[in-house]
Amino acid sequence: MTTVRYTPVHRLGDGSLAAIELRIGGRPGSAVEHATALRGAARTMRQHDALDRVKWDLARVAQQGVLPEGLFLLTLLDPSSVTELAPPDFATERRRQLVSVGVREVLENPGSVLRQVAAARAAGITLIVDGVGGDDGATVAVFLMEPDLVMTDPELLRRPVADVAAIAEVLSVYRETCPGTVAVIDGVDSPADRVTAMSMGGVLGVGSHYPAVVDPADLLDVPLRPLPQTAVQAPETGRGAFVAGESVYDLAAAGGHTRRMSRAFLESLTNHIEAQASTAGRSALVLGTFHTASDFTDEARVRWHGLADRTAFAGVYGVGTLQILDGNVRSAALTDGDPLADEWNVVVLGTHRAQLLSARPLDRGADGSGWGEPGDADVMLSVAQTVDRRVVARAARVILARF
């Protein structure tokens with residue numbers, strides 16, 4: 001048994017109606033009563049496509065009925081549903097649909113999710129990361145996927161104020177990184193919640209302070225200030241962009257800041273960045289290069305297991321590396337011809353830290369690779385570093401496309 005509700009999305013400042021969201025929840029009183037819980041359960045049971053089909057059909061009926069022209073009916077769909085539901089309807093209705101990224105899917109199958117989201121955005125679909133504040137991984141998803149809208153977890157405002165303040169900081173950092181982002185605060189159940197939501201930097205709010213209804217026509221007796229009909233951010237802004245075959249080194253070096261560095265010093269610098277990443281908290285992502293599986297030594301394994309236990313995602317990759325989960329460390333294999341196979345990359349991405357270190361050989365040397373041996377102080381490499389969040393995030397997407 002499911003319940004269908006049309007949830008008003010109000011502007012927190014003046015109370016005007018910005019959009020309406022179609023939500024499907026489970027049986028009242030059940031563990032999946034809330035729409036967010038039902039969506040999570042559907043994803044876990046691989047039934048999200050069936051749920052999205054129901055939402056899609058209901059949305060089309062509502063859009064053709066009482067809603068005034070220009071008012072968004074927000075329908076959150078899984079990225080994998082887009083190709084099944086889109087043609088030919090998205091050509092005319094796509095501006096009213098949102099692709100919602102599931103945090104678990106981003107962390108467990110990043111390559112697949114990145115490709116699905118890229119296809120959706122190419123079709124002009126607006127991207128939203130929801131559930132922010134409900135899982136540490138949601139913060140990683142925000143900075144990695146660069147969504148147009150960010151929606152908080154419906155239970156966030158019930159949590160200690162320190163937790164709410166932490167998410168307010170995430171929203172502030174992300175808005176500075178990607179100007180124009182719209183923050184939607186879920187769980188606004190009272191006037192006091194509305195004040196908190198605005199204090200967090202929220203633009204829109206949903207919750208029982210703005211009661212949901214069965215008939216969307218019942219929501220139209222208030223002033224309307226609809227969201228724009230176009231996607232929040234145009235494709236040329238580069239949000240979420242990446243090319244799977246591009247060079248991470250070239251991304252890091254684009255700012256023109258490169259230098260020569262011995263392999264021995266590069267190893268020390270890498271260890272320093274990894275140590276700093278271990279203190280970045282559960283909202284950080286860390287990625288590292290091991291040219292071959294044999295380079296992932298017992299010492300390195302211990303070091304990365306520690307990183308994985310302290311961060312939301314820790315991933316390593318290299319030629320011959322098995323694509324497995326080693327403890328909490330995820331790994332991906334590269335082929336010999338992969339551009340990343342001839343680069344040394346370290347990526348850290350989180351609320352308080354964004355850093356990319358990338359190196360490549362200056363010449364091939366006697367061994368033909370140009371990398372020398374561990375601890376070699378004579379082999380010189382070309383190294384680039386950047387703390388530009390957009391560049392770091394793009395580098396992370398390039399690498400994660402292999403996972």
Excluding sequence neighbours, so at least two apart, what forms side chain to side chain contact (heavy atoms under 4.5 Å, CB included) with [X]?
X: Glu274; result: Thr270, Asn271, Arg303, Trp304, Leu307
X: Val379; result: Asp376, Leu381
X: Thr289; result: His291, Tyr317, Asn345

Could you note down all residue pairs passing ring-ring contact (aromatic ring centres under 6.0 Å, His included) where residues 176-216 supplies at least one of them, sequence neighbours left out? His10-Tyr210
Inter- and intrachain pairs under ring-ring contact (aromatic ring centres under 6.0 Å, His included), touching residues 268-289, at least two apart: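 Residue pairs with at least one partner in residues 268-289: there are none.
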Determine the minimum heavy-atom distance between Val319 and Ala341, stating which atoms define it.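 Looking at all heavy atoms of both residues, the shortest contact is CG2-CB, 3.8 Å.
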Excluding sequence neighbours, so at least two apart, what forms salt bridge (charged side-chain N to carboxylate O under 4.0 Å, His left out) with [X]?
X: Glu246; value: Arg394
X: Asp309; value: none
X: Glu146; value: Arg390, Arg397

Checking side chain to side chain contact (heavy atoms under 4.5 Å, CB included) between Phe313 and each of Val286, Leu349, Leu287, Leu144, which is the one that passes? Leu287
Using side-chain heavy atoms (C-beta onward) and a distance below 4.5 Å, is Phe265 in contact with Val383? no
Quick check: do Glu21 and Thr75 have side-chain heavy atoms less than 4.5 Å from each other? no
Where at least one partner belongs to [range], residue pairs that pass salt bridge (charged side-chain N to carboxylate O under 4.0 Å, His left out), sequence neighbours excluded:
range: residues 345-362; result: Asp250-Arg360, Glu343-Arg360
range: residues 5-15; result: Asp14-Arg225
range: residues 159-173; result: Asp153-Arg159
range: residues 254-267; result: Arg263-Glu267

